[in-house]
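Let me begin by presenting the structure, written as structure tokens, before commenting on it.
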Amino acid sequence: MEKFNYSIPTRVYFGKGQLAHLSELKNYGNKVLLVYGGGSIKRSGLYDDVLAIMKEHKIKVQELSGVEPNPHIDTVRRGVSICKSQGVDMVLAVGGGSTIDCAKVVAAGACYDQDAWDLVIDSEKITKTLPIFTVLTLSATGSEMDRVAVISDPSIPDKVGTHADGLFPTMSILDPTYTYSVSARQTAAGTADMMSHTMENYFTNVPAADVQAGFCESILKTCIKYGPIAIANPKDYDARANLMWCGSLAINGILSYGAPVKWCVHPMEHELSAYYDVTHGEGLAVLTPVWMEYVLDHYAPAKKKLAQFGRNVWGIVNQDDAIAAREAIEKLKEFFFETLRLPKNLRELGIEDKSKIEAMAERAAKGCQGAFMELTKEDVKTILERAF
Ligand code: NZQ
Ligand code: ZN
């Protein structure tokens, strides 16, 4: 295990009825920017509940609505401009990862005197942010408890993750009942996303990080148990609660402290989202098994690690590592494509043309330096081609 500095500063209120803690915003000022997406919070009634609490505590509300899935830099710019012109004190995101990510960069952009895209492509420029608060409505990205935000500029096109300690939310409300209305499709995609975060952390070359590996295996088994239950019965509290906490733990640092590794499937998926605007978790579900097959064939340590994944997560009993590793990948495919009914390949994601492979591979390979198996541009091209 390597040395690390532990710091996860977000205060989390988890469970039913925790929304009342939004009253604490009054300690940070009296003007908030409420950020939300395309309207799910209005349909669920959460919007009205949030406004009522703001009114009760005399907090004035400005709104940034219509944040799109794979949030656009222009929406961030709109939010920054409201913050600056209205003298906003803090930002409150109510929604999924896209809404939270957008709110995070708005909070940073409000404290920066040039264009917000600078903060996306150069994390070092994030030196100050307005306080960030979140109410999570979709279990997936873990943005509610991490220092990351992912923003797209469709005009390039590009999709880039930025990270800074200032992007950690000050406080997040995690009430699983707010995810009851998430569709089967988004529940499946969210489950694949948090599993991908866990697997990205699990496949590290740091030896003897047993406690981190054990956490990963537990989170993966929990997702495998509860993902299908949440899809079959969207109002199953235990399923929604377990998925919600898995989503936060998968990326908040607890799995990677002492066992760092550069993520490799995510940079490839971000290229798919940049060019084709796909749903993040669906892109990951397509790419992850292909990536596993590729590393198994090209990187010797992968066999043992995938066999461990097979035995400890999927209950595979075969003692031959090569066989256990292949069986593990098959189990993962079966879970993603048959149990969760996620798209199996890029064609099912609606991607027909192969003309962008070269450009996508060029950028994604740069993001894979320091990964479990470092991928060259040629490696990434092969993986993308096999994903069709
Ligand atoms: O926009 P609304 O109307 O709210 O609808 C959303 C959206 O259409 C809907 N939704 C959310 N909560 C709902 C709901 N529908 C019904 N009931 C609810 N309770 O779900 C749709 C998708 O929402 P979105 O926020 O886009 O999904 P997700 O949470 O999966 O976020 C994906 C974004 O996060 C980035 C992804 O790349 C993508 O841009 N990521 C962020 C990370 C981070 N900050 O750490 C890490 C991840 O790896 C990821 O890259
Ligand atoms: Zn992700």
Side-chain angles (χ1 to χ4, degrees), residues 10 34-47 64-73 75-76 93-105 120 132 134-154 158-164 167-169 172 174-201 230 234-235 240 243-244 247-253 256 263-274 277-285 287-288 367:
T10 303
L34 172 62
V35 183
Y36 57 97
S40 71
I41 68 160
K42 290 198 168 166
R43 290 189 291 279
S44 69
L46 182 52
Y47 173 83
L64 174 67
S65 62
V67 177
E68 43 297 275
N70 300 328
H72 295 179
I73 188 63
T75 311
V76 173
V94 183
S98 296
T99 292
I100 299 176
D101 285 2
C102 177
K104 284 176 169 180
V105 184
V120 179
I132 300 157
T134 86
V135 179
L136 183 65
T137 66
L138 197 169
S139 306
T141 65
S143 186
E144 67 279 3
M145 209 178 168
D146 76 11
R147 60 197 288 281
V148 182
V150 187
I151 304 294
S152 296
D153 185 345
D158 205 356
K159 180 176 185 181
V160 186
T162 185
H163 19 76
L167 297 182
F168 270 117
S172 284
L174 273 60
D175 180 338
T177 65
Y178 296 147
T179 64
Y180 284 173
S181 53
V182 176
S183 66
R185 182 181 160 214
Q186 288 292 345
T187 301
T191 303
D193 188 22
M194 62 182 88
M195 287 179 71
S196 169
H197 298 164
T198 310
M199 292 184 282
E200 298 263 32
N201 285 317
K235 294 190 177 172
R240 293 299 193 181
L243 290 174
M244 192 170 242
S248 303
L249 293 177
I251 200 172
N252 72 358
S256 55
W263 292 10
C264 202
V265 182
H266 270 68
M268 292 189 268
E269 193 295 316
H270 284 171
E271 294 304 318
L272 295 181
S273 286
D277 201 20
V278 304
T279 296
H280 175 62
E282 294 184 339
L284 293 168
L287 293 173
T288 302

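Counting convention: from 1, in listed order, for ligands and their atoms alike. Remember, it's a predicted structure, so these values are computed and weren't measured experimentally.
- Taking each of Thr179, Val67, Leu138, Leu136 in turn, the one with a heavy atom nearest to atom 27 (O) of ligand 1 proves to be Leu138.
- The proximity of Tyr178 to ligand 1, defined as any non-hydrogen pair under 4.0 Å, is limited to the backbone.
- Taking only nitrogen or oxygen atoms, main chain and side chain alike, Asn70 reaches within less than 3.5 Å of ligand 1.
- Residues Thr162 and Leu167 are in side-chain contact: their nearest non-hydrogen atoms beyond the backbone lie under 4.5 Å apart.
- Checked for salt-bridge contact, Arg240 and Asp175 miss the test: no charged N lies under 4.0 Å from a carboxylate O.
- Judged purely by distance below 3.5 Å, without hydrogens or angles, the side chains of Glu144 and Thr10 never pair a donor atom with an acceptor atom.
- For Gly39, the closest heavy-atom approach to ligand 1 falls below 4.0 Å.
- Taking the salt bridge (Lys or Arg N to Asp or Glu O under 4.0 Å) definition, one finds that Asp101 meets it with nothing, sequence neighbours left out.
- Looking at Asp193, its N, O or S atom nearest to the Zn ion (ligand 2) turns out to be OD1.
- Residue His270 places a heavy atom under 4.0 Å from ligand 1.
- Closest N/O/S atom of His197 to the Zn ion (ligand 2): NE2.
- Checked by distance only, ligand 1 and Val148 come closer than 3.5 Å through their nitrogen or oxygen atoms.
- Asp193 and His197 form a side-chain donor-acceptor contact under 3.5 Å, judged by distance and modelled atom types alone.
- The nearest protein heavy atom to atom 13 (C) of ligand 1 is closer than 4.0 Å.
- Looking at Ser40 next to ligand 1, an N or O pair under 3.5 Å apart turns up.
- Looking at Pro69 against ligand 1, both its backbone and its side chain come within 4.0 Å, counting heavy atoms.
- Among Gly97, Gly161, Pro71, Gly281, the residue whose heavy atom sits closest to atom 28 (P) of ligand 1 is Gly97.
- With hydrogens left out, the protein atom closest to atom 35 (C) of ligand 1 is Asp101 OD2, 3.6 Å, a heavy atom.
- Closest heavy-atom approach to atom 1 (O) of ligand 1 among the candidates Gly38, Ala250, Ser98: Gly38.
- Taking distance alone, with nitrogen or oxygen atoms compared against 3.5 Å, Ser181 approaches ligand 1 more closely than that limit.
- Against a heavy-atom cut-off of under 4.0 Å, Thr137 is close to the following atoms of ligand 1: 11 (C), 12 (N), 13 (C), 18 (C), 19 (N).
- Note: no N/O pair closer than 3.5 Å links Glu269 and ligand 1 by distance alone.
- Heavy-atom contacts of His197 reach the following atoms of ligand 1: 47 (C), 48 (O) (cutoff under 4.0 Å).
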